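Quantities reported herein were computed from a predicted structural model and do not represent experimental measurements. Residue numbers begin at 1 in each chain, while the letters A, B, ... track the order of the sequences.
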There are 2 protein chains.
Amino acid sequence: MDKINIKTLARELNLSTSTVSRAFNGATDISQQTKERILSVARERNYLPNHYASNLRDKKTQTLAVIVPEIANDFFAQAINGIEDVARTHGFYILLYRTDDNFDREVAFVNYLNNGKVDGIIMSVSGEGNDHRYLKTLEQKKVPVVFFDRVYEDIEAAKVTTNDYKSSFAATQHLIEKGCKRIACLVINKTISIGKTRTQGYIDALKRHQIPFDERLIIDCSVNDKENVELLKNRLSQLKPDGVFSSVQRLAFATYQAAYELKLNIPKKLKLISFSSLQITPLLNPPMSTITQPAYQMGVEAAKLLFETLENKDIDNRKKHVVLNSSLFIRKSSE
Amino acid sequence: MDKINIKTLARELNLSTSTVSRAFNGATDISQQTKERILSVARERNYLPNHYASNLRDKKTQTLAVIVPEIANDFFAQAINGIEDVARTHGFYILLYRTDDNFDREVAFVNYLNNGKVDGIIMSVSGEGNDHRYLKTLEQKKVPVVFFDRVYEDIEAAKVTTNDYKSSFAATQHLIEKGCKRIACLVINKTISIGKTRTQGYIDALKRHQIPFDERLIIDCSVNDKENVELLKNRLSQLKPDGVFSSVQRLAFATYQAAYELKLNIPKKLKLISFSSLQITPLLNPPMSTITQPAYQMGVEAAKLLFETLENKDIDNRKKHVVLNSSLFIRKSSE
DNA sequence: TTGTACGCGTTATCAT
DNA sequence: ATGATAACGCGTACAA
């Protein structure tokens, strides 16, 4: 029941600590025989090298921080899966942090990481705040950062995004082709990276098809689902749009709910298309047309970029920007 | 650009490392004045105590491991949110690991944690395998474990579950009351904790209502959605059940899909109720009747149990078993 | 092939 | 209120 560490184990084996250490680190300068003897006794005595002590020496944590606005969100859940799968093949583990779109939390957590806590960071930012100095200090500490989906343009770091502008343009155009004349654009924050780009795609598609632009049709929503349903019920009855382009999945569901309560038939009275990574959209009533991002693949690419710099310090990926394509799935909600 | 640590910082301040250390650890035996001076320079020079060095001394990691079968799953995503919220209030962080229901991964990860890597573990088990010795060794190392939802009965550890038996019984009974005579029971693994309990509730409800039991109606599915749809199409046409009790969310969706492809109307030809934590079930076609577990709350309770033992080593929670109630939501799919 | 000894960055203990 | 120092457990340079 005595504490077991490399020293006690070495004593039990009548060996030095260095030899024991070697047995665990794939060293070559150790006889196969002693190595096996060590490992066998170690297993028996239930010994494993202390990760924190090793890290203190090596400055290698084998750990990645993943920072996302939400977890209970199909897009991020799938992206995390992608990150995890790549991390796994590299023997890395994941420290997960959720910001709830709260900028202060993001800052606090990044600062916390700013001391060798992890080898790298993959994040999708909250999009709030303007002062991104807290991220710059990571650079000094040589902690590589990769952004995915939601990025800060003013920070030089590797980025993985989808072609949101093009998809938004295409989705809006699709609604226009289906006969919509008054299309609402639902956003959560039209000033941050994705909200901005997606709104722009919407605006430009209208312009291209000479549909008059009505500022009021860009509807700013919140992260509170109940509030959104009320807001949308209000706007839908007042502004009477015949189409909805939703830049975020949750707003599409709020629209479904609002339309249901207003007895507004989708797609007859209101056609809808939305960004969404939900895997069961076809089971909805009606099946929802979606712009679907390759969430899993984005996670994979982000992790790959990170490991490239991690494993080859010469590579500077900070100017790399991987752009993946989303897919348009047209279903009943916009037919 | 020189390395910054407590030593260099102390030198710059003309102080000793002890004093600097005190400034960061809420010590009382330090003058407010020097403390402020230290913290100010630290901020300026971007110094933060090294977490790994601190841990090496203290044996406190401020980190929790959370092990789940899946992440892209509404139940687990919400449970993780609950765990994270509690962890956050205690200043703890989360090391997340997904097993994909793979027993070997579960064993490998738990073994990896077996060296002071984290202060505690919250897990929902894969349910595979019989040899749970790898968990026993955690006990020796005093790493507390809390199970939630999917537990190993033979391991003495704190547990948080829902009353699955009762809910399953009630759900099956509900179908019977709606007139179903041949009710299928969909499970993924009828031998593990939750599969077993939920199946038993189903069986007992049949018995109670003197509905003949047909072994073939207990349908063993897999984690592969496509396979499940095929399997279910096959079984639904052959066995012609008039009701489905699905013990897992994903199997309900596979049933929706299969029924759709077979042009089998839900609920007219087939009534369905399922365990599910999906938040938009009312938007499905048809809206799905569910047994909904308090996922978020389960995460909260699990974390609370863990912190109880963590913060008071005298408390032995290993015999505690918190049972929460699920809620039955009856919607169109079973009306 | 194996052993010795130092240092990684921190904090607790003991001194001043 | 502040400083000196040992110890946490490990890996590596160097010695043998």
Problem set entry | Spacing between B/I4 atom CD1 and C/dC8 atom C1', to the nearest angstrom | 16 Å
For this session: State whether A/S16 places a side-chain N or O below 4.0 Å from either non-bridging phosphate oxygen (OP1 or OP2) of C/dT4.
Result: no
For this session: Please state how far atom CD1 in B/I38 lies from atom P in C/dT10, giving the value in whole angstrom units.
Result: 13 Å
Exercise. Which is true for B/L48 with a 4.0 Å heavy-atom rule: it touches a base, it touches only sugar-phosphate, or it touches nothing?
Worked result: sugar-phosphate
Exercise. Between atom CE of B/M123 and atom CG of B/L135, what is the distance when rounded to the nearest 0.5 Å?
Worked result: 5.5 Å
Exercise. Touch check for B/N55, heavy atoms < 4.0 angstrom, all strands: base, sugar-phosphate only, or nothing?
Worked result: nothing
For this session: Please tell me if the side chains of A/T8 and A/R45 come closer than 4.5 Å, counting only heavy atoms from C-beta onward.
Result: no
Exercise. Where the side chain of A/L15 is defined as all heavy atoms beyond and including C-beta, which of C/dT4, C/dG3, C/dT1 is the nearest nucleotide?
Worked result: C/dG3
Exercise. What is the nucleic acid contact for A/S21, judged by heavy atoms within less than 4.0 Å: base, sugar-phosphate only, or nothing?
Worked result: base
Exercise. Distance check: side-chain N/O of B/Y52 vs OP1/OP2 of C/dT11, anything under 4.0 Å?
Worked result: no
For this session: Shoot me the first and last contacting nucleotide of DNA chain D against chain A, ordered 5' to 3', at under 4.0 angstrom to non-hydrogen atoms.
Result: D/dG9 to D/dT12
Exercise. Think B/S54 has a side-chain N or O under 4.0 angstrom from the OP1 or OP2 of C/dT10?
Worked result: no
Please list, for nucleotides 13-16 of chain C, all pairs of protein and nucleotide N/O atoms separated by less than 3.5 Å.
none

Problem set entry | Degree of bending in the helix from C/dT1-D/dA16 to C/dT16-D/dA1 once both end axes are built from five pairs, to 10° | 40°
Problem set entry | Contacts of B/N14 that satisfy side chain to side chain donor-acceptor pair (under 3.5 Å) - sequence neighbours left out | none
For this session: Answer yes or no: is there a side-chain heavy-atom contact under 4.5 Å between B/L48 and A/K117?
Result: no
Problem set entry | Rounded distance in Å - CG (A/D58) to C1' (C/dG9) | 14 Å
Exercise. Yes or no on side chain to side chain contact (heavy atoms under 4.5 Å, CB included) for B/I94 and A/R98, after CA distance, side-chain angles and deciding distance?
Worked result: CA-CA 10 Å; B/I94 302 263; A/R98 158 175 63 96; over 6 Å; no
Problem set entry | Partners passing side chain to side chain donor-acceptor pair (under 3.5 Å) against B/Y93 (at least two apart in sequence or in another chain) | none
For this session: Quickly work out the A/K35 NZ to C/dT2 P distance and round it to whole Å.
Result: 12 Å
For this session: Report which part of the nucleic acid A/Y47 touches: base, sugar-phosphate, or nothing (heavy-atom distance under 4.0 Å, all strands).
Result: sugar-phosphate
Exercise. Can we call the ring centroids of B/F92 and B/F307 under 6.0 Å apart?
Worked result: yes
Exercise. Within the structure shown, what part of the strands sits under 4.0 Å from A/I30 by heavy-atom distance: base, sugar-phosphate, or nothing?
Worked result: sugar-phosphate
Problem set entry | Between P of C/dG3 and NZ of A/K7, the distance in whole Å | 16 Å
Exercise. Any donor-acceptor pair under 3.5 Å linking the side chain of A/S124 with the backbone of A/F148?
Worked result: yes
Exercise. Going from OG1 on A/T137 to CG on A/N111, what distance comes out if it is rounded to the nearest 0.5 angstrom?
Worked result: 6.0 Å
Exercise. Taking only side-chain nitrogens and oxygens of A/T19, does any of them come within less than 4.0 Å of OP1 or OP2 of C/dT2?
Worked result: no
Exercise. Does a side chain donor of either B/E311 or B/H90 reach within less than 3.5 Å of an acceptor in the other side chain?
Worked result: yes
For this session: Kindly write out the residues that satisfy side chain to side chain donor-acceptor pair (under 3.5 Å) with A/K304, not counting sequence neighbours, or none if the list is empty.
Result: none
Exercise. Within this structure, what is the CZ-to-P distance between B/R57 and C/dC8, rounded to whole angstrom?
Worked result: 16 Å
Exercise. Under the side chain to side chain donor-acceptor pair (under 3.5 Å) criterion, do B/R57 and A/Y52 qualify, and how do the steps go?
Worked result: CA-CA 10 Å; B/R57 271 205 54 99; A/Y52 289 81; over 6 Å; no
Exercise. Okay, side chain of B/S18, backbone of B/S16: is any donor-acceptor separation there less than 3.5 Å?
Worked result: no
Exercise. Just how far, in rounded Å, is C1' of C/dG9 from CG of A/N115?
Worked result: 11 Å
For this session: Rounded to the nearest angstrom, tell me the gap between atom NZ in A/K59 and atom C1' in C/dT10.
Result: 11 Å
